[in-house]
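Chain identifiers are assigned alphabetically (A, B, ...) following the order of the sequence lines, protein sequences preceding nucleic acid strands; residue numbering begins at 1 within each chain. As the structure is a computational prediction, the values presented were derived from the model and not from experiment.
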Amino acid sequence: MDETVAEYIRRTVLKIPRDEIKMMLQKWGFLSEAQLQTLNFHQLKDNISQEVVQLCEENSADIKQAAVLDIIYNHIYQNKRMWSVYHMRKTGEELEYFDLTDFRKKFKRRLQSALKNVTVTFQEYEDNAIWIRVAWGTPHRQPNQYKPSYVVYHPQTPYVFVSASVLKSNLPLLCQALIVASNYHDIREMELRGHSLNSLKDIVFNRYSHNFQTYCPKPQQASTVEPESADLRIINENRGEKERIQRLNQEGFGDGPQPILQFAQYKLETMFKSRPEMDVLDKKEPFRCLVKFSSPHLLESLKSLVPAGMADAPLSPLLTCIPQKARNYFRIRDKKGLPPESFVSP
Amino acid sequence: HIATSLPLPSERDHLRPRIDLIVFVIDIKSKCSLKNVEASLAYVDAKFFLGKVYFLVTGVGRVNCCSIETNAICKLGEAYGSPVLFCELELEGVRVATAQRLLRILQICASLVPGFSALSFGLLMRNSADD
């Protein structure tokens with residue numbers, strides 16, 4: 001077995017938390033059950049990984065199998081990576097039958113014809129997702145297995161989720177290979193990025209709960225007993241206001257759990273508006289400013305701003321439109337020709 | 001009656017009984033809270049400040065999260081001639097004790113305790129705090 005493969009397998013196993021190593025090796029299926037029985041999972045991870053490498057040596061593992069182990073790790077820890085979303089378009093509405101073998105062949109061929117040294121690995125999952133791992137090399141260098149890109153594609157949808165490695169120069173080639181293999185005509189990057197892959201999928205596949213603007217006649221009579229107050233003698237003076245806020249929040253965000261996003265970024269290219277006497281800027285240039293909101297669960301925290309009393313209801317549509325518009329990176333410019341009013345550019 | 005700010009909504013005026021005590025709750029972790037209280041104070045009729053207004057500062061247990069200086073709150077108390085109480089709502093024992101204190105103060109302000117008026121008790125509270 002190649003030294004580089006051995007080292008790669010060793011480092012991959014070291015990444016896995018000790019309690020999960022057995023489960024992941026079983027998922028991998030490259031080592032037999034008998035071989036797994038011989039492993040002692042209660043020793044130092046260093047030793048466990050050495051033993052795994054030895055077993056792989058017995059089975060003559062090559063880089064293809066090692067790559068599969070890496071995909072399995074990244075599939076389980078998908079939220080550690082940053083994912084971008086790409087949208088593909090095709091001319092015409094022909095519903096083509098998706099042939100997986102054909103897709104794989106075309107994709108691999110496109111990459112190999114351009115770079116010669118690439119490692120391409122595919123793995124299919126039950127939720128109809130195809131995971132592709134690409135390790136990039138050059139015509140003169142072996143692929144760097146430690147900085148691969150990952151692509152998640154659901155066939156029959158025009159969306160692709162990419163977690164690129166640091167080597168950004170390979171992105172155009174990756175995009176080309178995707179459209180060639182999937183018979184689309186063009187691909188562009190959406191302004192949507194995040195760590196939670198499932199949430200990104202929820203947003204583009206419209207799987208989260210929508211805030212439909214339905215008409216709901218509000219009951220006019222005295223409201224029912226609040227379940228929270230243990231004592232009926234406690235009267236909340238602002239109950240009406242609370243209900244109004246709740247209703248507006250619901251209209252803004254919908255009822256169900258919000259997709260998990262980590263950032264929202266607004267790039268302002270607007271003119272600075274000040275009182276004439278302040279005259280801060282001599283030149284009438286757009287005031288460049290970047291506003292970034294970050295949170296472990298951005299949408300949920302925005303949703304709780306108004307009930308917590310930290311913001312006025314209703315919240316700005318710039319914040320509530322994030323799931324519908326499927327974007328969390330915005331550019332805001334002044335509307336031209338009208339009194340200053342900002343609008344969101346496409 | 002609990003309210004998030006003053007003035008109170010006018011549509012419930014006819015349902016409200018006489019107000020004997022107003023406690024302004026300030027969360028020491030939130031500057032918004034202090035601003036809100038300062039804005040609401042403007043809506044309180046002057047006669048309440050004769051012993052029927054108290055400031056209750058919560059969240060004092062979390063020393064790392066204080067955003068408001070206790071000095072500022074004490075100055076607020078002095079400016080409005082009203083006592084300031086400190087408590088920590090997250091601890092059950094302190095919560096219960098504070099509730100009992102407030103109930104006692106309410107009894108005095110509602111003139112249910114013979115020999116004490118709201119004004120005399122308020123002065124007592126403020127003077128003892130200075131010592």
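The distance from atom CD1 of B:I2 to atom CD1 of A:I234, rounded to the nearest 0.5 Å, is 5.5 Å.
Applying the 6.0 Å contact sphere to CZ of B:F116 captures no more than 12 heavy atoms from other residues, nucleotides or ligands.
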Candidate polar pairs, chain A side and chain B side, donor-acceptor under 3.5 Å:
| from | atom 1 | to | atom 2 | distance (Å) |
| --- | --- | --- | --- | --- |
| A:I235 | O | B:I2 | N | 2.7 |
| A:E237 | N | B:I2 | O | 2.6 |
| A:E237 | OE1 | B:R16 | NE | 3.2 |
| A:E237 | OE1 | B:R16 | NH2 | 3.0 |
| A:E237 | OE2 | B:H1 | ND1 | 2.5 |
| A:E237 | OE2 | B:R16 | NE | 2.9 |
| A:N238 | OD1 | B:T4 | N | 2.6 |
| A:N238 | OD1 | B:T4 | OG1 | 3.3 |

